[in-house]
Amino acid sequence: MRVTLKTRARAKPRIPIEAETIIPQNFLQKNDVRVYEGNKERKLEDIFFITIEGPAVSPDQVEIVLTGDTGVIKRVGEYMNAGRIIVEGDIGMHCGNFMSAGEIIIRGNADSWLGREMRGGLIRCEGNAAHYCGAGYRGEKRGMRGGTLEVLGNAGDFTAEYLCSGEVHIHGNCGDLPGVEMRGGVLTIGGDCTRPCGNMTGGTCRIFGAAHQFLPTFRRNGTEDVEYNGKRCRMAAFRGDVANRGKGTVLVRED
Amino acid sequence: MRVILNTGRTIRQGSYVERKTSADYMEEAASLNMNRMDMFELAVEDGNHIRVRSDHGEVVMKARAVEGLIRGQVFVCLGPYANHLVGPETHGTGMPDFKTTQVTLEPTTDPVPTIRELMERCGGVGYED
Amino acid sequence: MTDLLVKNAYVIDPLSGIRGEIMDIAIRDGKIVEDTGSGAPVIDAGGCLTFPGGIDSHSHVCGTKVNFGRYMSPEDMRAGRTARKGVMRVTSGYSVPTTFGNSYRYSTMGYTTVLEGAMAPLEARHTHEEFTATPHQDMLANTLFDGNWAIMEAVRDKDVKRAAAIVAWTLDAVKGFAIKLTNPGGTEAWGWGKDVHSVRDEVPYFGVTPAEIIETMIRANELLNLPHSVHIHCNNLGVPGNYQTTLDTIDLAPDLNRNRQSLYLTHVQFHSYGGSTWRDISSKSEDIARAVNSRPQVAIDMGQIMFGRTTTMTADGPMEWKLYMLHHNKWSNHDVELETGSGIIPVYYGRKSLVNCVMWAIGLELALLINDPWQCMLATDNPNGAPFVKYPEIIALLMSSRYRDIERSAIDPRTEHYVPLFAIDRELDWYDIAVMTRAAQAKALGIERIGKGHLAEGAEADIAIYPLKPDELDPAADYQQVMAGFAKTRYTIKRGRVVARNGEVVVEGANSTIWSRADVPPEYDLNRDAEFVKKFEQYYTVRMRNYPVQDIYLPRGYFISTEASL
Amino acid sequence: MKIEDVVCTFCGCLCDDLVVEVENNRVCSVENGCTLANEKFMRDHRLKNPIRRDGNGWKAVSYDEAIRETAEILLDADRPLLYGWSGTHGEAQSVGVHLAELIGGVIDNTSTVCHGPSIMAIQEVGHPGCTLGQVKNRADVIVYWGANPIDAHPRHMSRYTTYADGFFIENAFRDRKVIVADVRQTESSAIADEFLKIDRGGDYAALSALRAIVRGKGDLIPSRVAGVTREQLFRVAEICMKAKFGAIFFGLGLTMSPGKYKNIRNAIELTQELNRHTKFTISPMRGHWNVYGSNEVFTWITGYPYAIDFARGIAFYNPGETTSVDILMRGECDACLVVASDPGAHFPRACAEHLARIPTVQIDPHVNATTHLATLQIPVAVTGIDAEGTAYRMDGVPIRARKLFTGSYPNDQEILEKIFARVKEAKRS
């Protein structure tokens, strides 16, 4: 089944749409799917032109395609556990929060908290991701716990904060403090970043660009060779953060 | 000249904060506190006007020499003048970069706007007390 | 005049000696009366189990540290969110819900009176503000004296009467209900990052011992003729081998009051550990129960823990530090000048943790091994042992050994080597539960005199009707139904008005705050004591005149008045 | 008439020992107050009556009209923002939260541009703190980090720290060591025994280094961290570890600098580490007299201290998303109620521009920058002068602010209750 949701023009286009209901499992039956526009509950058809093609008997046979002015639509794919969502343009905050399985493809940019506390599945963002990409919930000790999150462009600050398990791969640059409080999993940064991995207690962060303002509390631990994009890279290895328990690994490209 | 703008509380700003229409408040809020050497380089003296520009806006303020600031840093107390320059980006934390705005300084003879004028520039309608 | 008639109720009212009779309850103007006028609205209880409104004699629901528990835990807030609906406001939180969340959840469980276990006097105004926002329950506040400088000086001078005068002044100033001692002496030592480790340890600088503080305060309490006894959280909470400290504390309690205990020991589960490290921790519930069984002058509450996530919070600052060193999670601490301390950390009690399983067993053992249910009240030290919404599960565990056996198979199999629980076959009955959840509390707190915890004529019409038919149920077998029944009343009636029905809150509520006022002779009035006033102004950071809680904070406050024997 | 033990409703110190003389509904003298208090009490100047924007000018309106119009604005909005609250009493804040809940709005307080990051840090690692009297009576080491109390909290040092004699500290000035960490010299740094002059944006690294030293991993520390020498870092760590009771106070120098809440988290974790050696506490220097009260009130009602979004009926919290600056920057809100604060002056310009675009109602005693952006302003009594109510000091101690005389203005609570009643009535019908 292919569900196409194309945004309608709205009187107040900057008010975000809260759309945690847009997940494959909700389109199996003729459900009354509703979303919030500010404090007003709306029927899905008030916000979108909806086209449904083909049948599906299980959520993994459902593909949702979002098009139009989708950059202010929040929480798409939250708690999704099967199926596929394709966003033709940009997507709003919290896309793929807590998702446990399935696939989200974003052709444009993603706003903050992409894949927050993700448990499994795949998110691929072809543009840039904003802040807290693959990060945790406020106050929660564990952030992303599984799955794969890939951003072909750049990501903002606090990328993969509290990363616990799973993989975050930013092909471009990250902002400030990527991998901060990281405790497991693998964070790969293709480009540059500042102050990586503050207070990390576990996991591995690989940086193939420059790591600016590198913190003084990481201990040099030899070199390692790593393969990236088909090339062998010589990496300076660090253990830290010794301000904390110092059990994490940061690899920064040397050559 | 490119410098970093820092903002914060001052006792004078606090004293007049509930009288924002007063000349006292304007005097304090529109003061650009600078290192003397930076002022020398810009060829300005205490009380001279300076156009301060950032990526987010521009505003004319009055130079004031102070001790305790290193070169390349200027300080303006919290208020509408400083905020004409500070960007709204919060890095997902709710808090803008009030302490670290890149600005450029350029001497000018243009007047320092009143707060009312600043707010009118933002689209407001001035109220005369 | 508002009347209400509850018909056909299966009533258990221990304080009135009613052990299960089908009867009608007549209500007028919020009180139980002999008869209503004709035409009074009728509630048909349909033979369902009917108790006086529940009373929680030790819970943490309002005040500085509770609110800090919320403040620091957005992850707990998202765990229990409900939307605004009808008269119900938005609620958030699981282990530390918002005030309205607490109030609604207690209401749907049939609880109508709750005692906040620890109020720092300096921050009492905060507790009272939150009481006002906890609309369904009548509230009382235990007032902390454990590290009170003036009290310790009186103890050092062996001046019981001065200690009594300080208590009287403070309770009046902060609208407190009773004396609470949390790790007496330990919270002052914590001002220097230290603790006391037995009732005979000296408090730094003040040179007094916890035992001296406890003995003095018990006598001061009785000199003031306060409704409740001294309410103690013993030293060494949560330390393996601490049962000895608990026994030592019990030994300090003289029998001074014919109507109630002289010492109330709270969350005793946390104080009944044998062994010397976390590796060899064992249950000493039998020793503690034996001591309680032989001393009518003490009463306790269980401090049951239940598996799952919760937040611990206590005035016992050093204990929370120790817990932080174990868990390495968040840690908050808040010392209160001249008075007490507090700490908060989140915890998870796991079925896979042997220590946690032993703790879980000890609480149940205490309830099953203490012969007289009037001496052992059901509580979790909410939210320390578990959020109070777990009470129905605890009731079911106490009523069904079969349920206990099922749980046994789900916990760490080594547990049975450390605890006697699975050898105990006692199963509590409906009457025991009624005692342990309301009647004993009313008696222990001394509030049966103001019509709490019973349904005799003239009593407050606080009533809980549970969807349970004792004649048709075998709690040992039907424990699931018991659990469901106690979780959601058919009706909760507060002061003659239905406040919750089948789990739905139906009114906004308007509670009362109950406090104690002991009248002392003028020579014991500390407002006129130059020495007291001088020290106050010198060392507190709040002026003495700005310290007392104004009447406006207790819009429906009422006090129990006593005449001090000074 | 002379009134003693008056509570000053200016900064988070909430001094309660002022002696104020009142004549003809004006304060004519203030004793014990700092400059800020004197200015506040003595030179109080109010907006006379409610005003409404009228084309390119303003006209006076009645309170009833203003209240009715405010209710209509809020009822019409799909995403209203209720901002401010730090300059009013708890009872009014409480009505504000219930109003936000009723209309499905976002409610936020001034923490958002002040100690919001401190709250976020506390939500990650907790907060080992204490009341100010504990510091006064015990502390032999005081650290001010990114804070300038002499300007922002003028009596903090004389009431609670450097100059305050306490029970165990009989001669404070001699017996206490003071450490100041800041990016610039201030009057506060001038009196410090140790001044850590930190490079802009270097607080996080400096705090990490101190943590490593306290953990015994100091061998790793390079000769300079963020402009501070290794020797000084070791010296400061040593002073802290040898303290009998240490107290860190931090200000906006940490909350507003790059990394924001992570700086504070690092400072808190340093404090926690120091507790393995001695007793240490840490406390934010809260700015407004009742900003902490707004956190407390919001928390017991909603579970969250600030930035609460009721749009979906439940309470949702996420700084960076539900915070005022972000909402205004993105142009999300379609109406704004400003109570007891001045976002026009204190938010970045882009936010002020959005306030001017939408209906903005301000409830405030004074003409301020937001006045010019607003559609409507309702003047009210000033808590602590002609209104009373509860305030929470920076350390959480609740104190009741006094009313010194009865003036002609209604207070915030009364105005908000009337708005609430109108909204509720309209929702019912």
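Naming convention: chains lettered A, B, ... in sequence-line order (proteins, then strands); numbering from 1 in each chain. Only this structure's heavy atoms are used, side chains among them; waters, hydrogens and symmetry mates stay out.
- For D:F347, the part sitting under 4.5 Å from any heavy atom of chain B is the backbone (N, CA, C, O) and nothing else.
- The two residues B:F98 and D:H346 come nearest to each other via the heavy atoms CZ-O, 3.6 Å.
- When D:T323, D:V113, D:N38, D:D182 are compared by the number of non-hydrogen pairs under 4.5 Å with chain B, D:V113 comes out ahead.
- With respect to the salt-bridge test (charged N to carboxylate O, under 4.0 angstrom), the residues B:R12 and D:D151 do not qualify.
- Side-chain N or O atoms of D:R349 include one that pairs as donor or acceptor with a backbone N or O of B:H56 at under 3.5 Å.
- Across all their heavy atoms, B:I11 and D:P154 have their closest contact at CD1-CG, 3.7 Å.
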Q) Would D:K48 and B:D129 count as a salt bridge (charged side-chain N to carboxylate O under 4.0 Å, His left out) if you check the C-alpha gap in whole Å, the side-chain angles of each, and the deciding distance to 0.1 Å? A) CA-CA 9 Å; D:K48 299 273 177 307; B:D129 194 8; 5.7 Å; no
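- Per-residue counts of heavy-atom pairs under 4.5 Å with chain D were compared for B:I4, B:I70, B:T100, B:T21; the largest is that of B:I4.
- The contact between B:F75 and chain D is made entirely by side chain atoms (from C-beta outward), counting heavy-atom distances below 4.5 Å.
- Interface check for chain D: of the options B:P88, B:A29, B:G124, the most heavy-atom pairs under 4.5 Å are formed by B:P88.
- One N or O on the side chain of B:N83 and one on the backbone of D:A345 form a donor-acceptor pair closer than 3.5 Å.
- At a 4.5 Å heavy-atom cutoff, B:E120 makes no contact with chain D through either its backbone or its side chain.
- Chosen from B:T10, B:N6, B:T7, B:I115, the residue pairing most often with chain D at heavy-atom distances under 4.5 Å is B:T10.
- Residue contact with chain D, scored on non-hydrogen atoms closer than 4.5 Å, is absent for B:L85.
- When heavy atoms are compared at a cutoff of 4.5 Å, B:E128 does not approach chain D at all.
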Q: In sequence, state the C-alpha distance, the side-chain angles, and the governing distance for D:E39 and B:R19, and then conclude on side-chain contact (heavy atoms from CB on, under 4.5 Å).
A: CA-CA 9 Å; D:E39 287 284 336; B:R19 294 186 292 119; 2.9 Å; yes
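- To the nearest 0.5 Å, the span separating CD on B:E89 from CE on D:M329 amounts to 5.5 Å.
- Looking at B:L78, the atoms closer than 4.5 Å to chain D (heavy atoms on both sides) sit in the backbone and in the side chain alike.
- B:R9 and D:C114 make their closest contact through NH2-SG, 3.8 Å (heavy atoms, listed as atom of the first residue, atom of the second, distance).
- Of the listed residues B:G14, B:G8, B:G57, the one with more heavy-atom pairs under 4.5 angstrom with chain D than any other is B:G14.
- Only the side chain of B:H91 comes within contact range of chain D, with heavy atoms under 4.5 Å apart.
- Separation of atoms OG1 (D:T186) and CG (B:L69) is listed at 10.5 Å; rounding is to 0.5 Å.
- Heavy atoms of D:R43 lying under 4.5 Å from chain B belong to its backbone as well as its side chain.
- At a threshold of 4.5 Å between non-hydrogen side-chain atoms, the residues B:E18 and D:K40 count as touching.
- If you tally non-hydrogen atom pairs under 4.5 Å between each of D:K197, D:Q185, D:R184, D:E353 and chain B, the highest count goes to D:R184.
- Across D:M120, D:H45, D:R53, D:E321, the residue that shares the most heavy-atom pairs under 4.5 angstrom with chain B is D:R53.
- Heavy atoms only, all atoms of each residue included: D:M256 and B:M95 are closest at CG-SD, 3.6 Å.
- With a 4.5 angstrom heavy-atom cutoff, B:V66 does not touch chain D via any of its atoms.
- Counting heavy-atom pairs closer than 4.5 Å to chain B, the top-ranked of the candidates D:I327, D:V183, D:D342 is D:D342.
- Between chain B and the residues D:P348, D:G116, D:A374, D:G55, the most heavy-atom pairs under 4.5 angstrom are made by D:P348.
- Ranked by heavy-atom pairs under 4.5 Å with chain B, the list D:N148, D:L355, D:T370, D:T255 is led by D:T255.
- Residue B:D24 touches chain D through its side chain alone, counting heavy-atom pairs closer than 4.5 Å.
- Proximity to chain B (any heavy atom under 4.5 Å) is restricted, for D:A350, to the side chain, taken from C-beta onward.
- Taking both residues in full, the closest heavy atoms of B:K99 and D:L252 are given as CE-O, 3.4 Å, listed atom of the first, atom of the second, then distance.
- For B:C122 against D:A352, the heavy-atom pair with the smallest separation is SG-CB, 4.0 Å.
- Separating the OG1 atom in D:T35 from the OH atom in B:Y16 is a distance of 9.0 Å, to the nearest 0.5 Å.
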